[in-house]
Amino acid sequence: MAESGYDHIIDAETRAFIKRTEVYYSGDTSTMTIAGQRAAYDAMCRDFHQGRPAGITVKDRPLAALPARHYCCAQADDADRFAARILYIHGGGFVVGNLDSHDDVCAEICARSGLDVIAIAYRLAPEHRHPAMFDDCVAATRALLDEDGDPLILCGDSAGGNLAAATAHALRHDAAVSKRIIGQILIYPSLGPDTATGSFVAHANAPMLTRADVQYYLKVRLDGPLSGSDPTLQPLDDTDFSGLPPTVVVTAECDPLRDDGPGYCSAITAAGGKAKWIDAAGLVHGFLRARGSSARAAAAFTRIIDAAVMLASGAWTFE
């Protein structure tokens with residue numbers, strides 16, 4: 001879809017969010033150094049940070065030798081708490097992002113859902129190639145489940161959505177842990193592998209993320225050319241979608257990754273599982289940061305919170 005084709009799709013609030021983000025990027029991501037990308041991303045995240053809601057306690061601590069941050073609702077009555085917790089895996093193309101980049105997002109998820117949230121900082125490319133970040137997420141999931149046995153919801157945005165899904169696939173046949181992973185929430189995830197059809201063509205030059213960006217991040221993540229199918233790299237490469245936990249995928253309409261959502265959900269339901277695709281109309285990749293300035297993004301974020309509460313309660317309210 002040509003840039004002008006977004007005129008009647010993206011509203012003024014979302015356009016303002018896009019312009020505010022673009023202040024930090026002078027050109028295509030692929031033309032920037034890795035250090036430059038990280039500096040720009042960190043500055044952008046600091047600008048968009050909305051602060052932590054009142055009543056949230058935060059503790060930094062290691063998890064499976066990774067930096068982790070634990071968010072807890074200090075004011076919540078223990079009797080009202082859900083037993084489940086959320087493991088949050090940040091986005092950033094596997095190249096940028098850390099505990100601070102999604103700090104306010106995690107704090108707000110905790111405050112609004114009543115669920116403890118544990119965020120991790122996995123190893124990044126290109127210093128660490130695939131499967132380093134996947135291995136980190138699997139190890140963190142196992143370590144968190146070993147701590148007290150509480151049920152766990154895997155959640156991540158963009159690259160983090162990829163890693164959450166890959167982790168769910170890898171652990172579903174491990175009886176010791178699979179029953180305690182009670183759901184996954186994937187927010188505009190990159191699930192791959194086909195970038196030549198559907199939304200990758202229709203939204204190849206979308207604001208915030210282009211098809212060229214997606215291809216660049218995959219190249220940086222790999223140590224050499226892509227060869228063969230690898231579900232630990234791209235979960236849609238899998239040939240078996242059975243045994244996965246109830247899944248909610250939230251996509252942005254104006255995003256080359258959009259079609260990964262319905263494709264993944266269809267594969268799960270065809271295998272007898274539960275999955276729901278929610279498409280956020282008129283929104284773009286990265287809309288979590290617009291939740292305080294865009295009514296559309298705020299509504300989509302509320303649906304993410306509702307999904308977390310639903311999964312934590314053990315209910316499935318979607319038809």
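Contact detail for A119 and C106: the closest heavy-atom pair is CB-SG, 4.0 Å. Closest non-hydrogen pair, V214 versus P256, comes out as CG2-CG, 4.5 Å. Of all heavy-atom pairs between Y41 and G91, the closest is OH-O, 3.9 Å. Across every non-hydrogen atom of T195 and F200, the tightest pair is O-CB, 3.3 Å. Residue L152 comes nearest to L87 through the heavy atom pair CD1-N, 3.8 Å, listed as atom of the first residue, atom of the second, then distance. Considering every non-hydrogen atom in both V95 and R38, the closest pair reads O-NE, 2.9 Å.
A search for side-chain hydrogen bond (donor to acceptor under 3.5 Å, both in side chains) contacts involving R291 returns D104, E108, not counting sequence neighbours. For R69, the side-chain hydrogen bond (donor to acceptor under 3.5 Å, both in side chains) criterion is met by D60, D100, D103, not counting sequence neighbours. Under the rule for a side-chain contact (heavy atoms from CB on, under 4.5 Å), the partners of D213 that lie at least two apart in sequence or sit in another chain are T29, L209, T210, Y217. Contacts of F301 classified as ring-ring contact (aromatic ring centres under 6.0 Å, His included), with partners at least two apart in sequence or in another chain: none. F17 pairs by the ring-ring contact (aromatic ring centres under 6.0 Å, His included) definition with F48, not counting sequence neighbours. With sequence neighbours left out, the ring-ring contact (aromatic ring centres under 6.0 Å, His included) criterion links F318 to W316. Not a single side-chain hydrogen bond (donor to acceptor under 3.5 Å, both in side chains) links E13 to another residue, sequence neighbours left out. Judged as a side-chain hydrogen bond (donor to acceptor under 3.5 Å, both in side chains), and not counting sequence neighbours, the contacts of H70 are D116.
Taken together through direct or relayed side-chain contacts under 4.5 Å among Ile, Leu, Val, Met, Phe, Trp and Tyr, V250 and V309 form part of one hydrophobic cluster. L63 and I86 are assigned to two separate hydrophobic clusters, defined by single-linkage of ILVMFWY side chains at heavy-atom distances under 4.5 Å. Linking ILVMFWY side-chain heavy atoms closer than 4.5 Å, directly or via other members, places L154 and L99 in two distinct hydrophobic clusters. Placement of Y24 and V284 within a single hydrophobic cluster is found when ILVMFWY residues are connected by side-chain heavy-atom separations under 4.5 Å, directly or transitively. Side-chain heavy atoms closer than 4.5 Å link hydrophobic residues (I, L, V, M, F, W, Y) into clusters, and following such links, possibly through other members, connects V117 to V58.
The aromatic rings of F287 and Y188 sit perpendicular to each other, their planes meeting at more than 60°, with 30° as the lower class boundary.
The CZ atom of R296 lies 8.5 Å from the CD1 atom of I10; values are rounded to the nearest 0.5 Å. To the nearest 0.5 Å, the span separating CD1 on I181 from CG on L311 amounts to 12.5 Å. Interatomic distance, CE of M310 versus CD1 of I305, reported as 12.5 Å (0.5 Å rounding). Atom-to-atom distance recorded for I153:CD1 and Y88:OH is 13.5 Å, nearest 0.5 angstrom. With values rounded to the nearest 0.5 angstrom, I185 atom CD1 is found 14.5 Å from K276 atom NZ. T232 OG1 to D135 CG: the interatomic distance, rounded to the nearest 0.5 Å, is 8.0 Å.
Sorted by first and then second residue, the side chain to side chain donor-acceptor pair (under 3.5 Å) pairs with a member in residues 243-257 read Q184-T247, T251-W277, T251-D279, D255-H285; sequence neighbours excluded. Sorted by first and then second residue, the salt bridge (Lys or Arg N to Asp or Glu O under 4.0 Å) pairs with a member in residues 174-190 read R142-D174; sequence neighbours excluded. Legend: ring-ring contact (aromatic ring centres under 6.0 Å, His included) pairs involving residues 113-163, not counting sequence neighbours, sorted by first then second residue: H90-Y122.
In this structure the side chain of Y71 never reaches within 4.5 angstrom of the side chain of K59, judged on heavy atoms. Here the side chains of C137 and I89 are in contact, with some heavy-atom distance below 4.5 Å. Here the side chains of E147 and R85 are in contact, with some heavy-atom distance below 4.5 Å. Taking the side chain as every heavy atom from C-beta outward, I56 and C72 never approach each other to under 4.5 Å.
When atom types are taken as modelled, the side chain of R123 and the backbone of L66 share no donor-acceptor pair closer than 3.5 angstrom. Between the S158 side chain and the G160 main chain, no donor and acceptor come within less than 3.5 Å of each other. R129 places a side-chain N or O within 3.5 Å of a backbone atom of V220 that can act as its donor or acceptor partner. A donor-acceptor pair under 3.5 Å is formed between the side chain of N162 and the backbone N or O of S190. With hydrogens and angles disregarded, no donor-acceptor distance shorter than 3.5 Å links the side chain of S294 to the backbone of T14.
Side chains of H102 and D157: a donor-acceptor N/O pair is present below 3.5 angstrom, by distance only. If you check the side chains of R46 and S101, you find no donor sitting under 3.5 Å from an acceptor.
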Can R221 and E127 be said to form a salt bridge (charged side-chain N to carboxylate O under 4.0 Å, His left out), step by step?
CA-CA 9 Å; R221 189 183 179 194; E127 294 89 344; over 6 Å; no

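Under a 4.5 Å side-chain heavy-atom criterion applied to ILVMFWY residues, the cluster that includes I268 comprises L186, L191, L236, F241, L244, V249, Y264 as well.
With respect to D238 and R172, a salt bridge is recorded, a charged nitrogen being found less than 4.0 Å from a carboxylate O.
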